[in-house]
Amino acid sequence: MRAFNAELSKLFSLPSIWLAFLIGAFAPAVVAALDSIAQKEEIIAGISTRLSEVGYIGLGFGVQGVIILGVLAVSSEYLTESSESGGGQQITTSLTVVSSRLHFLLAKACAVTLISILLCIVAMMTIVPTTHFILGEYAPAFEWSRLIGAVCYWTFTALLAFGITLLTKNGIIPLAVLIINSSVVSFSVLLSKISRLAFYLPDRAGLEMFMFTSDTFHTPSTGSFFDRFHTPFTGGLVMFAWVAVFFIIAAIVFHRRDVAA
Amino acid sequence: MSVSSGRKITQILGAELDKLVTLPWIWLTLIGTFILNLVLAAAFTAVGLQGAVGTQSMLNIGLASMRYLQAGFIILGILATCSEYTGGQIRTTLITIPWRGFQLSTKHLALALITIPAAVIIAASGVLYTFIRMRDTAVGFEIDKMIEALLGATGYLILTTLLSAAIGAILRRTTPALVVLLGYYFVVSPLSRDFLSRFKKYFPDTAGYYMYIPPSPDEINVLTPMEGTGILMLWTLIFITVAIVFYRKRDA
């Protein structure tokens, strides 16, 4: 518990973490507002095909906040300080204080999970009023299942970023790959046009937990951004499997590796 | 010690080049970008082969990976300027080269010198791959159009790298610079296309887009490659100037 508190306090004292909070909490609402404005005319004309998911696309982009969070949680430990202040790394201190590596890792992962859940709830609370304000009676109804799906998606993404950064020890690669992949021009969407296997990639499967809830399973070409492939539950399972695999590999590598090398 | 200014420039340029070449991350980024580009070109070609194609669309497919490719060059630019600030290298740099504006401009020049061959090789490899795979399906292929597009693509990549380097010099930290630039290029810009369609073409990435994509007849008011180059160059110069002004005023 003390290790957990320490991890939380370390995370909150990072200067860049405020960037993560800002993006995670407000970007979804901005995207939702823009999406709602763009869709409003179509909805009133009755030709919109993605009525039930308008605005929620914001959650798909706001996830970048927790990507930054997951990456920073690890990469800040490995940041080498300037040679004028000894050229040390925080990880050495952290592991001296919490000598069990698994314990340290779990405390950090729990801290990241907690913040991601809170951030996602905040994002959801900014999206719902935004869509209601712009769309009025046409706004999609708030559903608890969708909130749970979005929370799972955000948490899993944060942990995925956490696991990958633990392997690379540097934030640049995971940050670049994950940010691009959660954008409009995602690799997974491109790959899913070539092979059906791409539907099992973590972000593609995870999105199904809260998007595409309109039952478009039988109509192959919908107006939705992507076509549906999994049910929300299997989508979640697929993503969870990815997170678990990455986390176990990262934990084993971290356990066997020299502290800062 | 008094050194003639011509000699000074060569020495500073040599030092900056040396610093960039010895950064392991620069090579990792370039190699990674090269491999990624080939994989993406293969993916886009596979998608393209499913439909019928002509010359125009073949070039488009070969250059379609540019959208992702620019990420590597953005990272390159950020690394070049932000690496000075990790570990306090900046203070050593400024002790040896106390002319700040001069030093930062030379750094951009050195970065451009490294980026030119890399951009040519990486952009050409993608187009070449597509060309080899789709040779049989595409008819009436024009080589001069391809060279034009490749030149545009190289210019775009170089200017984007310099722009990222300038932003890196303003923000001075790798992670925020990376988030801001990648966020802009990959999330904000594609999303805002529908809402700001009138001004959108004057933004750095969209203006640059017209440098390498041949103008299509169904889009009105698009820029010619020359206009695109001019606008992107203007953006880059503005950001470099801002970076130099800040650099001269700020504490190291």
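These numbers were taken from a predicted model, which means no experiment stands behind them. Reminder, nothing fancy here: chain letters follow the sequence lines and each chain counts from 1.
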Just wondering, are more than 12 heavy atoms of other shown residues or ligands nearer than 6.0 Å to [atom1] in [X]?
X: B:Phe246; atom1: CZ; value: no
X: A:Phe26; atom1: CZ; value: no
X: B:Arg100; atom1: CZ; value: yes
X: A:Phe254; atom1: CZ; value: yes

Would you give the length of the straight line joining atom [atom1] of [X] to atom [atom2] of [Y], rounded to the nearest 0.5 angstrom?
X: B:Leu182; Y: A:Ser182; atom1: CG; atom2: OG; answer: 10.0 Å
X: B:Leu28; Y: A:Thr168; atom1: CG; atom2: OG1; answer: 11.5 Å
X: A:Ile180; Y: B:Leu36; atom1: CD1; atom2: CG; answer: 7.5 Å
X: A:Ile179; Y: B:Tyr185; atom1: CD1; atom2: OH; answer: 14.5 Å

- Applying the side chain to side chain contact (heavy atoms under 4.5 Å, CB included) test to B:Val179, which of A:Leu72, A:Ile67, A:Leu19, A:Val71 qualifies? A:Leu19
- Item | chain A contact via B:Ile74 - side chain, backbone, both or neither, heavy atoms under 4.5 Å | neither
- Against chain A, label B:Ala43 side chain, backbone, both or neither, depending on which of its atoms sit under 4.5 Å from a heavy atom there. both
- Message: Please give me the minimum heavy-atom distance between B:Ile75 and A:Ala176, naming the atom from each residue.
- Response: CD1-CB, 3.7 Å
- Item | Side chain, backbone, both or neither of A:Ile172 within contact of chain B (heavy atoms, under 4.5 Å) | both
- Tell me, side chain or backbone of A:Leu79 under 4.5 Å from chain B's heavy atoms, or both, or neither? neither
